[in-house]
Every structure is written in structure tokens, then in C-alpha cells.
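Quick note: numbers below take in every heavy atom, side chains included, and nothing from hydrogens, waters or symmetry partners. Order of the sequence lines sets the chain letters (A, B, ...), proteins ahead of strands, with each chain counted from 1. Quantities reported herein were computed from a predicted structural model and do not represent experimental measurements.
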Amino acid sequence: MVASGRGAVTRGGWGEPGYTRRPMPEDRPILPERYDPDRVEPRWQAVWDAERAFSSGVLSRDGESMSLPDRDKAYVLEMLPYPSGDIHMGHVKNYTMGDVIAHFRRRNGAEVFHPMGYDAFGLPAENAAIRTGEPPAVVTARNIAGIRTQLKRLGFAIDWDTEISTADPEYYRWTQWLFLRMFERGLAERREAPVNWCPTDMTVLANEQVVDGRCERCGSEVDVRQLTQWFLRITDYADALLDDMDLLTDWPARVLSMQRNWIGRSEGARVIFRTEDGAHEIPVFTTRPDTLFGATFFLLAPEHPLVAALVTGTDRERDVTEYVRAAARSTTAERGAADKPKTGVYTGREVINPVNGARLPVWVADYVLMDYGTGAVMAVPGHDERDFAFARAHALPVVRVICPEGDDPSAPLDEAYVGDGLLTGSGILDGQTVDQAKATISSWLQAHGAGEATVGYRLRDWLISRQRYWGAPIPIVHCPDCGTVAVPDDQLPVLLPEVDDYAPKGQSPLAGSEEFVSTVCPRCGGPARRETDTMDTFVDSSWYYLRYTAPHLERAAFDTDVVDYWLPVDQYIGGVEHAVLHLLYARFFTKVLHDIGLIGFREPFARLFTQGMVYRDGAKMSKSKGNVVPPDEIVGQFGADTLRLYVLFMGPAADDIEWSDRGVVGARRFLDRLWALARHASQAVPGDLIERPGREGLDGDAAELLRKCESTIAKVSEDVAERFSFHTAISAVQELVNLATRVMQGDDAREQGTAGVVRYAAQTAVSVLFPFAPHITSELWEALGGPHLWTVAWPRPHEALLVRDTVTIVVQVNGKLRGRVDVDAGAADADVLGAARVEPKVAAALDGKQVVREVVVPGRLVNFVVK
RNA sequence: GGGGACGUGGCGGAACGGUAGACGCGACGGUCUCAAACACCGUUGGGGUAACACCCGUGGGGGUUCGAUUCCCCCCGUCCCUACCA
């Protein structure tokens, strides 16, 4: 135990009821008999606030230059909360884990940064505003105040000096600034795209507001409308996002795999088909160019721009138009419904297959998606399950161009064959394997101007336009002469106007403020109109971890030197539900900023941990299910330390956990026992902290307890630092407290050596439990005569004390446990075997048998293999 | 359909090739109490025994190993993500 100086100790709050002073030995207060978190917790929270105990000095708060310390740093970050009314158990678990890591790193000598902020733009506050007329800014400010109070009540070691809100103009000014950097580089662009539209509410809906094709609020069927909207070209970074996953060695494999699937890179070819009259080129994307000779028909998505041109004025126009309308009415969800029958309609037109001149009938089918590939597909029913189903349903021919060796290529197929084999009926490709054929045909296409090898992605560009009020305005002006013009940097932020009505009416509520919309063109000075869309809130949260390092900096979004000091984040913690969107967007932003030269790293989060969810009664806690346990209620009943301890004790941090009202009692009982132990120890051996006792002269129990102290330090350190295994760390401390309590109540407790070890055990338990339960341990540590516990170096196990004099060796015969023997720790194998052999039960098991092998695992076990 | 995770007491879980069930909840017994609750102490995988001994036991089946909850293969089951992505 390193710390023994007491100079820094601040004593405050001792006049409160419940505490009494005693005049001995050094005017040290004694603890009340009963642990009362209502008294302990506010006191320490006040100390932390007053001393700004967890504020980092290493920030550019206001732009002044600063020297960056040379020592180990730890940026510990949890995903910032959306400030709805109350925090929930998921937040408690998330932030407690981060808090444990932050405390642990700090006490291990790192310069720690552990900030907090609020993802404050977004729909819930806006919906509340629509209902009540109260401005979203007011609702949000109130909610943030509430959340902050709750977070403080849980005692999180946050750097409160750096708190940010993404809805603050001081913040979104820089969100806008970053948008403009992307706009300059062509990474932000405007184009038409479909949106969900509720005809009753006259509003645009987010995907999650559309349930089964209906508006979640009014239940009417949702339409799809084309609107001109803003996109960020994340697809330009698809390969960088994939390739740099190699840098993310400390990310969960699951998250990487989800991102990989989301990006969905697939290699294939573009093949250009022409209409039979030569009037139109229609490219397709395929991952199976090798099957090109097997194409028997051709498909267009209902939304494909050429559909109308192909059928207008023909006798198929009515049928096709009707089909396209029906498809437009159904939602993506309906169309995607698993094994829905393959519908389609014939256009009466044909396209020419470039490899063999074959004429393929063109159909429109809703299983072809406009936003993947080119929205057109060559159909190869022989080797694609979907095309096969379509061919069957519409009596189209099926031909076979790939055949496993030895099979008869002319035999009819009764399902699509998707396996490997040799090409047949495919001209130049005949006899080649699938892989060879892919290469051959790609070069052929290129040579004949009919296509080329290419790569397709599932990833789409990121649509960031929201026709909503409560978001960062997109800083663009539309000028009749100059077109789309960026708002100059020195005119940022483009502030949200005050409006009377927050409800969208087909366009953003910002359009309702003439004062806002009407402006002058920054380029020509003529009259112009402002962009009225706001940005997706995922934009706000894609860079907040940078702003934390300079929350009030006025000259820039952040200070490059300071950002490069703190970033990448050493430990990021959040829910797995953000595995794709938020984490992908944040990675994208980081890469763009790196390419612009504003930051010196390519990945924002070095280590990621995704926590499990908190369930109750088998379901995720939610208001609608009525199974929410409000953290505040538990804090009121048992205290913040109990809650923090329990959410981590419930199970492995990565797993979903089931809340148990009974289980939380166990955590509180443990703290009660810790209190009793430390209180007893502080009185039995009064005075300052004691040093680690030596082993000499200790009886068995005391020696065992001393060893337990050291093994507990080792176990907690390893579990926290390397394994993210908080529940086993806590149980290790419980074992120590249980053993110390037993020794304390034992016959030898009054003996001086034993009393010393008990006190040392109490000190150890208090010290290593601190990251989990900071209030009670701060209180007990003070009573034990120590300085502020959060400033005390983390203990290191004393290796010599971990070693036992004697060890218990397990003796097996043929792998079955037959007995145990105690031997000297350093005993030679031969002696161990000798001792094992004469153990009565072992001897009985060996009797009359021939030992063919002896296995000795030093310090652990002996196994006799007998016949 | 594709991808991933996981199956251990009544429950949450522990054991990273070496004593299966740590720690906690619950249950049972006891102490305290007029009593109950709380608290504290003890017991608690199944079978078996007066008590030992002993036998069985980590979803099922096989394999590797002196030794498997752990590694490999097959099967069964659960959960999560994703899904007509050409």
C-alpha cells in the first residue's frame, strides 16, 4: 500500500448528524454503526464538484496554447446519451463501466479524460414541441439538467468542465463547418431520392416511424415521394472503411462482421445490354458474369427510369403502369417480405445479350431493387434461385450453363444450381471453371466495350436531409443565379429560427420563417433563399468525441495538437445497437478529417466494448411494456454505490442481463458487511493507514487472509484491465471481505498480528472496490486514515506473499479425483509422488494395479495412469 | 436463406486443458424477537449412506488427450443481427 501521507485530506461535513467526534487518538471521527448512503454519497459528490476532482487540465478550453504531458494518457468514452426525461439502466451500466475504467487508469498513473455530453437534437423533443407548443430548446435544456442531476447522483467521475450539447449553437456551428468542408470536396451533394410521406399528417417520416407500411402515428398508408435531398458520399470511403478494419484489433469481431456485411462489397461485372431498337443502353451489375450465356430474360425495377420510355404508346403501357403504381404503394418492408411470390409484368420489349446477340424479353419485377446495382438485372434462372422462381411463375425458359463434372448438362433442372462446375453452352467459356469464366468474360466485355469487371457495394450514400425543425440547419443558400452556394465560414452558425409551428407540412418547419429563408446570396449579393432542411442527428454524433477536447474553442472545431494527443479514444463503450450506423459514420468522418489534414489518425476508437442490454421479465425495459426500473428509485432505496455494484455484478458485461429486484439486495448487504469490517478495523487498530504486514509470526488464518489480500489485488487488476470482467472482480472482493470478516470474528482477532492483518485486509478491500463504489470507499478510506482515495496509487500485489509455504495437490487415478495431499511448495516431483502414493484412498485405488504413467503438474495435481 | 453468439444447480453466473458449480439470489434449518420483517450463523447439483465410502453429473453422440465445461467433428435447441443485395 503506497499511500500513507495525509496532507491532502480535506475534512468536511463532519458536523452533520450521525457523526460523532471522539477525542482519541488524533481527533479522528468515528463512523456511525450503520451504513447510510444518503449521508455518505452527497458528501463526496460535493467534494468532487468543489475540487473539480476529475477535470483534466489537458484541454484547449479557450484556444490558448498548452503543453501536453508526456505521460500515459487514457481517453475513456461512453456513447453520449440522448437527453430524454430520465436515464435508464442501460445508461447506468454503460457509464459505470466507463467510470471503473477511468478510475482504474487514473490510479494507475494515466492522465485520464472522461467527458460527457448530450446528443440533444432529434425527434422526441420536436414531437413534444408539436404536442405542447413548448420550444424544443426549452424542453431539451430541461431534460439535460435532469440527466445531469441523475448522472451526478450516481457519482460518475466525469470531467464536467467539458460537457457539451450538440444542440448548442456553439457546437452546431462546427457541425455546419464540417459539412462545408465536405461540400467543398464534393462529399456533400444534392440529388433526388425517395422519402416516406404520410398523406394525412402531411409529413416526411423517418424509416423507424413507418410500421408495416403505415404511419406509426395516424395509421394511414405511407407513400413514397421524390424529394431533392442532401447526401454525404460515404460510398467513396467504402474500401477505406473496409481496409482499415485491420487497425481495429480491439473491436468485437461481431461488430466488425456487421460492418463488413453492411458495406457489402462484392466483386462482379457491369454488363451493358441494349434495347432491340438500339435506342437505349441498360447496364446491369452481376456477381456472376460467368453465367451470362444462361440469361433468358431481363428485369427492371419498377422505379427504373427507362420503364416509362420502353412502354409508352405500346399496348403494354396500361398493365406496366398499373404494376409500377402498385409497387410504389407497397413499402420496402412489404416488398422485402421473405418468400413472397415473384410477381412481374412483361413490357413487350426486348434487349440484346452482348455476348451472343440473344434477344431477352424485358419484364418489370418488384424483387429488383432500384437502389442496389443499377436497378436492372440479367436473369439467369438456371443458376439463381430468385430468377428460377420467377421463370417458373411466368413460364420463362431455363437453360443450364454450369454443370458439375460428370453430370449430364442436358438434364432439366428442378432448382437453380448455384454450385461450382464447368461451363457449358457458353461459347468461348465452355469447359472453364466458374472462376476462370469470370475472368475470361470480364476481359471480353472490356475488349468489346460491353462492360467491365467492377465492384458493387450494399452501402448507400448517407442521406442526411431531414425536413425537420430540431437539427442543425444545413448551411447552404440557393441563389437563382449562382445556384447552390455555401454559407461563408464567418457567417456560421446558421442559427435555427424561432417558429410558431414545429409541425412539418411537406417541407421543413424552417420554411415557415420568411425571415430565415429570405437572405442574400453570399456570392453575388442578390436575393436568395436558405436551405431549410436540417441534418440527421447522426452527423452531430459523428465528431463529438473531438469537440470534447476543446469544448469552448472559438477559432476552430478543435485544436489539432490537443486532438492528436488525446485521440484515438482508448476505450469506447456503448450499446451494440450502434454497431453499424453511428460507428460507421464516426469512422467515415474521421477518415475525411484525416484526408483534409485536420487530424493525424485514421480511426477514432482504438478499443471498443459493446455492452449487453438490461432486461426485465424477459423483455427489454421499455415504458410501453411497463417493466422499467428507474435508476433513481434504486438509488433512493439502496444508494448509488449499491446500484453501480449491482449492474456490474449481474453478469458478464457484454451479455444481456436480467434485472432482479432481489439481487440488488445482495449488493447492498455486501456494502453493509464492508462497512462493518472497515469500521471495526479502524477502531481495533486506530490511527493512520498501516503498511502491509509481514508474514512472520502470523497464524494460519491470518496468513491466509494476508495472501488473500494480494491475490485479490492481482485478480481485480487483471479483471478490470484485461478482461472487462467486472462481475468476477467484484466477487473477488466479496471473497476477501467474507474471509476478513470471519477472521475478525474469530478467536484470535484480538491478537495484535491478526488485528493488523484484518485492518490491512479492510484497507485493501476498500481500495480496490473504489472504482465500483466510490462513495462508500472514500468514506471508509478516510476513516482508515487515508488521503483522498481517487488520488491514491493503485496497489500492486506483493509477489512474495502470494507464494504459499505448502500447497494442496490433487491426486487423480486415471483422471478421477481420489485424494489430496499437502506438500511443501517447492517439493520435488518424486516427493510429491511419494506423498500422493501413500494417501490412503489413493493407495487403495492403486492397490493391485500397475502404474503405467505418472503425470505431475507442479503445485496443482498428480495423475496416476494405471492398468 | 446468410452471418454471429451461446447451451453448466431452482435462478444469475464461475472455472481461458488440471479439485465443476467461486460469488450472489432463492430455498431450508438455526440465533435474535411476544411475533413477523430485517439482520446474523449454518446447509444447499443428483443418487446413495446412520455417517463415511462410492456412483452419476456441464444439451445429445463421437473424437483428440494421462486428464475435456474448455480443443475438433456431427446432431438437437435457444438467442441476436441481417435478409429478394443480382
Side-chain angles (χ1 to χ4, degrees), chain A residues 34 252-258 260-262 264-266 268 271 284-289 291 299 301 332 335-340 342 365-369 371-380 383-387 389-390 418 456-460 576-577 579-580 612-613 645-646 649-652 654-667 669-670 672-673 676 715 723 725 727-738 741-742 745 808-820 841 844 851-857 859-866:
Chain A
R34 267 187 67 86
R254 182 155 88 110
V255 173
L256 293 177
S257 136
M258 284 168 76
R260 210 168 271 123
N261 291 337
W262 189 262
R265 183 181 200 277
S266 53
V271 184
V284 302
F285 174 74
T286 177
T287 55
R288 296 296 305 273
T291 64
L299 298 168
T332 346
R335 268 172 68 173
D339 18 283
K340 159 176 183 285
K342 293 277 179 289
D366 70 357
Y367 78 91
V368 178
L369 308 175
D371 56 359
Y372 183 78
T374 62
V377 169
M378 65 176 214
V380 184
H383 305 286
D384 181 282
E385 286 170 20
R386 298 153 301 177
D387 297 345
F390 191 87
V418 295
Y457 298 92
R458 208 190 78 109
L459 183 69
R460 314 284 150 81
V576 75
E577 64 273 19
V580 178
M613 284 193 294
L645 207 57
Y646 182 60
F649 184 67
M650 278 192 285
D655 290 7
D656 292 338
I657 49 177
E658 172 85 17
W659 178 265
S660 154
D661 292 322
R662 296 292 324 191
V664 70
V665 176
R669 285 207 278 250
F670 165 60
D672 286 337
R673 272 180 284 145
K715 170 83 173 150
R723 304 202 322 145
S725 183
H727 66 309
T728 52
I730 293 166
S731 76
V733 184
Q734 293 181 335
E735 285 183 53
L736 174 61
V737 171
N738 291 349
T741 302
R742 261 200 305 282
Q745 291 165 343
T808 301
I809 301 289
V810 172
V811 187
Q812 298 179 339
V813 177
N814 282 346
K816 285 197 177 204
L817 176 67
R818 290 300 167 189
R820 297 179 174 81
K841 282 177 201 159
V851 176
V852 296
R853 186 166 171 185
E854 293 160 339
V855 180
V856 180
V857 181
R860 302 215 66 146
L861 149 155
V862 168
N863 189 14
F864 293 105
V865 185
V866 302

* To do: Summarise protein proximity over nucleotides 38-51 of chain B in one line of letters, 5' to 3': B for base, S for sugar-phosphate only, - for none, counting protein heavy atoms closer than 4.0 Å.
  => -SS-----------
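- Counting non-hydrogen atoms under 4.0 angstrom, A/Asn738 reaches the backbone sugars and phosphates but no base.
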Expected rows: protein N/O vs nucleotides 70-72 of chain B N/O, under 3.5 Å:
none

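- Crowding of A/Glu385 atom CD: a count of heavy atoms from other residues, nucleotides or ligands under 6.0 Å not exceeding 12.
- Closest non-hydrogen pair, A/Met378 versus A/Asp387, comes out as O-OD2, 3.9 Å.
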* For RNA chain B, what dot-bracket results from Watson-Crick or G-U pairs at under 3.5 Å, with [ ] for crossers and | for inter-strand partners? -> (((((((..(((.....[....)))((((((.......))))))(((......)))..(((((..]....))))))))))))....
* Nucleotide-resolved protein contact map, nucleotides 14-22 of chain B, B/S/- at heavy-atom distance under 4.0 Å -> SSB-BB--B
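- Across all strands, A/Gly373 comes closer than 4.0 Å to no nucleic acid atom at all (heavy-atom distances).
- A 6.0 Å sphere centred on CZ of A/Arg34 holds no more than 12 heavy atoms belonging to other residues, nucleotides or ligands.
- Aromatic ring orientation, A/Tyr372 versus A/Phe285: perpendicular (interplanar angle above 60°, classes split at 30° and 60°).
- Residue A/Asp366 places its side chain closer to B/C84 than to any other of B/A86, B/C66, B/C84.
- Closest approach to the A/Arg254 side chain among B/C80, B/A86, B/U82 is made by B/C80 (side chain taken as heavy atoms from C-beta onward).
- Counting only heavy atoms from C-beta on, A/Lys841 has its side chain closest to B/C54 among B/C81, B/C54, B/A86.
- Separating the C1' atom of B/G7 from that of B/G57 is a span of 16 Å, rounded to the nearest Å.
- Residues passing the side-chain contact (heavy atoms from CB on, under 4.5 Å) test with A/Ala376, sequence neighbours excluded: A/Ile282, A/Val284, A/Phe298, A/Leu300, A/His304, A/Thr374.
- Within the structure, a side-chain polar atom (N or O) of A/Arg853 is placed less than 4.0 Å from OP1 or OP2 of B/C66.
- With both ends at atom P, the span from B/C32 to B/G24 equals 25 Å, rounded to whole Å.
- For A/Arg458, the CZ atom counts as densely surrounded, since its 6.0 Å shell holds more than 12 non-hydrogen atoms of other residues, nucleotides or ligands.
- For B/C85, the OP1/OP2 oxygens have no side-chain nitrogen or oxygen of A/Asn261 closer than 4.0 Å.
- A cation-pi contact links A/Lys342 to A/Tyr367, judged by a cut-off of 6.0 Å to the six-membered ring centre and 45° from its axis.
- Applying the salt bridge (Lys or Arg N to Asp or Glu O under 4.0 Å) test to A/Asp655 and every residue at least two apart in sequence or in another chain returns nothing.
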